[in-house]
Amino acid sequence: MREYFEFYLPTKILAGFSALDNLGFELNILNIKKPLIVSDHVIEKVGVSGIVKNVLEQNGICFSEFLDVPLESSLETVEEIAEFFNKEKCDCLIAVGGGSVIDSAKGVRILLEYPNKKMIELSGADNLNTKFTTPLVVVPTTSGTGSEATLVAVIKDTQNHVKLPFLSYGMLPDLAILDPRSTISLSAKMTAATAMDALVHAIEAYIGTQKNPVSDSFAASAINLISKNVLLAIENPKDNVSRLNLAIASMLAGAAFSNSMVGIVHAIGHSVGAVCEVPHGVSMSILLLPCLEYYKSVSNNYLGELLLYLTDTEYFASTKDKTNASLDFIRNLLNTLNQKAQLPLHLKDVCKDKSELGKIAELSINDGAITFSPFFADKKIVLEILEKAW
């Protein structure tokens, strides 16, 4: 047990089959008069933003909406939304969408808090206030990023072709609403990829150098919920119970890694995403096993414990080699997700040019997440992991 640790999660969580119906009541508590809904046209098409708008209308709350958020959040988009927010005289942000939408809303919050600053000046860790004045409500439509419970936003600087990270306790939303109606339209592949993203968040939180008893409890619960529900959601997409469980797992994993950090899977995954333009959840699923196998070669203190949360107490108690059994479970899960949801298994399936591995390795060793890896990784080690993942 760590001699000292901190855990912070001020976000209020509403979770349930009709959780969105309580949005009007919560906005009244916050004394909100005119929120701005931030979303995209895909979310509008599948009807999730429509549910939010209906609730607002039923409660007599006026609102504006911005639906032009791209697949990747950018500085230009954030600036455009902030300008629209001020023009419409809004007093609250409601982000309805996946990671890009939520990160965009978090970015807008930064600009509203620092109207005379350039966002690039505020990038990095702890450069922001710990409490923002503009309320942020988040309605996640994927079950992977955990952005509804994280202190992180990543926003692309398209001019310089880099992704700017922003880390501050002030980034945490005031309210997150987990309702299975928000994720029920996800495709099988997207369900698999986002679930693996959440699983990696939880596993890295559990085995990382900053782990603590509270983050462990959140991470363990997330791992258990994902292992028991991801295939159910893929096989029966309209199953509200499995959808809700995955949403809760994503939130738990996000809260866990916001307090204990992620590690080498994310360090390499960020770089793969930047160089090969691979969706984050896909790169996470491809890199998880090669990274854990390397971790096993230097230390297996916590890998064996994962088996308890991946399976059940009976299987855990009856298994002698718990470390390899944990890896086997993950390997079998990935193979099943490949068969049922076409989730890629290898880097060669998503990266066209193997000569880019050197560039990916160079970026990886300079990624902040590698600082919290449970083992030291230089460029040579990262290249070895990339070769195994290829």
Answer yes when Lys354 and Glu387 have at least one side-chain N-carboxylate O distance shorter than 4.0 Å, and no when they do not. yes

Would you check if there is a donor-acceptor pair between the side chains of Ser104 and Ser73 at a distance under 3.5 Å? yes

With heavy-atom distances below 4.5 Å as the criterion, would you say the side chains of Glu26 and Val137 are in contact? no

For Thr311 and Lys322, which I'm curious about, is there any donor-acceptor pair between the side chains at under 3.5 Å? no

Distance only, no hydrogens: is a donor on one side chain within 3.5 Å (strictly under) of an acceptor on the other, for Glu65 and Ser49? no

d(Met196 CE, Leu334 CG) to nearest 0.5 Å is 4.5 Å

Hey, can you tell me if Phe375 and Tyr295 have their rings parallel, tilted or perpendicular (30° and 60° cut-offs)? parallel

For a quick check under 3.5 Å, do Thr191 and Arg243 share a side-chain donor-acceptor pair by atom type? yes

Is it true that the side chains of Thr134 and Glu113 contain a donor and an acceptor less than 3.5 Å apart? no

So among Val265, Ile226, Val262, Leu292, which one has a side-chain contact (heavy atoms from CB on, under 4.5 Å) with Ile203? Leu292

Heavy-atom closest pair, residues Ala325 and Thr319: CB-CG2, 3.7 Å

Can you tell if the side chain of Leu9 reaches within under 4.5 Å of the side chain of Phe218, non-hydrogen atoms only? yes

Are the side chains of Ser227 and Tyr309 in touch, meaning some heavy atoms are under 4.5 Å apart? no

Relative to each other, are the rings of His266 and His280 parallel, tilted or perpendicular (30° and 60° limits)? tilted

Return yes if a side-chain donor-acceptor contact under 3.5 Å exists between Glu305 and Tyr206, otherwise no. yes

